[in-house]
Amino acid sequence: HKPNINLAEVRAAIRAETKLLISYCNADGVGTRRIIWPLVLVFYQDAVLLAAWCELRRRLRHFRLDRVIASQVLESDFQGRGEELISAWEQRFKDATVPSVDA
């Protein structure tokens, strides 16, 4: 599944701690618009996930990039919060999300 989002744009937003507005379609086909704070890209053989803080759900979430219908880089940012959120993601989700190199 090829992502419908510009990966270079996502990487730049991660580095700059800039928010993204995405139109997202979940596994059930339900669409939503969300403002997210992109943190980490996780590459699988058949999908790419974006770990992000979701303003709608007010918690860390994973988004399959092949389910992103549209995205827009916003002018607002989350400067200085990225490191703290990535640390929280690592503590709660990394082992379950990122395949072990030893496996």
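For the single chain, residues carry numbers from 1 onward in sequence order.
- Taking the side-chain hydrogen bond (donor to acceptor under 3.5 Å, both in side chains) definition, one finds that Ser76 meets it with nothing, sequence neighbours left out.
- With rounding to the nearest 0.5 angstrom, the CD1 atom of Ile86 is 7.5 Å from the CD1 atom of Ile14.
- The residue from Leu49, Asp46, Val48 that alone fulfils the side-chain contact (heavy atoms from CB on, under 4.5 Å) condition with Arg64 is Leu49.
- Residues Ser71 and Ile5 approach most closely at OG-CG1, 3.3 Å, considering heavy atoms.
- Listed by first and then second residue, the side chain to side chain donor-acceptor pair (under 3.5 Å) pairs involving residues 23-35 are Thr32-Arg34 (not counting sequence neighbours).
- Glu84 pairs by the salt bridge (Lys or Arg N to Asp or Glu O under 4.0 Å) definition with Arg81, not counting sequence neighbours.
- Atom CG of residue Leu60 and atom CD of residue Glu90 lie 11.0 Å apart, to the nearest 0.5 angstrom.
- Considering only heavy atoms from C-beta on, Leu41 comes within 4.5 Å of Arg11 through its side chain.
- Under the side chain to side chain contact (heavy atoms under 4.5 Å, CB included) criterion, Gln79 pairs with Glu17, Asp77, sequence neighbours left out.
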Side-chain donor-acceptor pairs under 3.5 Å in residues 50-59, sequence neighbours left out?
residue	atom	partner	partner atom	Å
Glu55	OE2	Lys19	NZ	2.8
Glu55	OE2	Trp37	NE1	2.7

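- Cluster membership for Ile36 and Leu7, using ILVMFWY side-chain heavy atoms within less than 4.5 angstrom, is shared.
- Under a 4.5 Å side-chain heavy-atom cut-off, the cluster of Ile, Leu, Val, Met, Phe, Trp and Tyr residues that includes Ile35 is completed by Leu21, Leu74.
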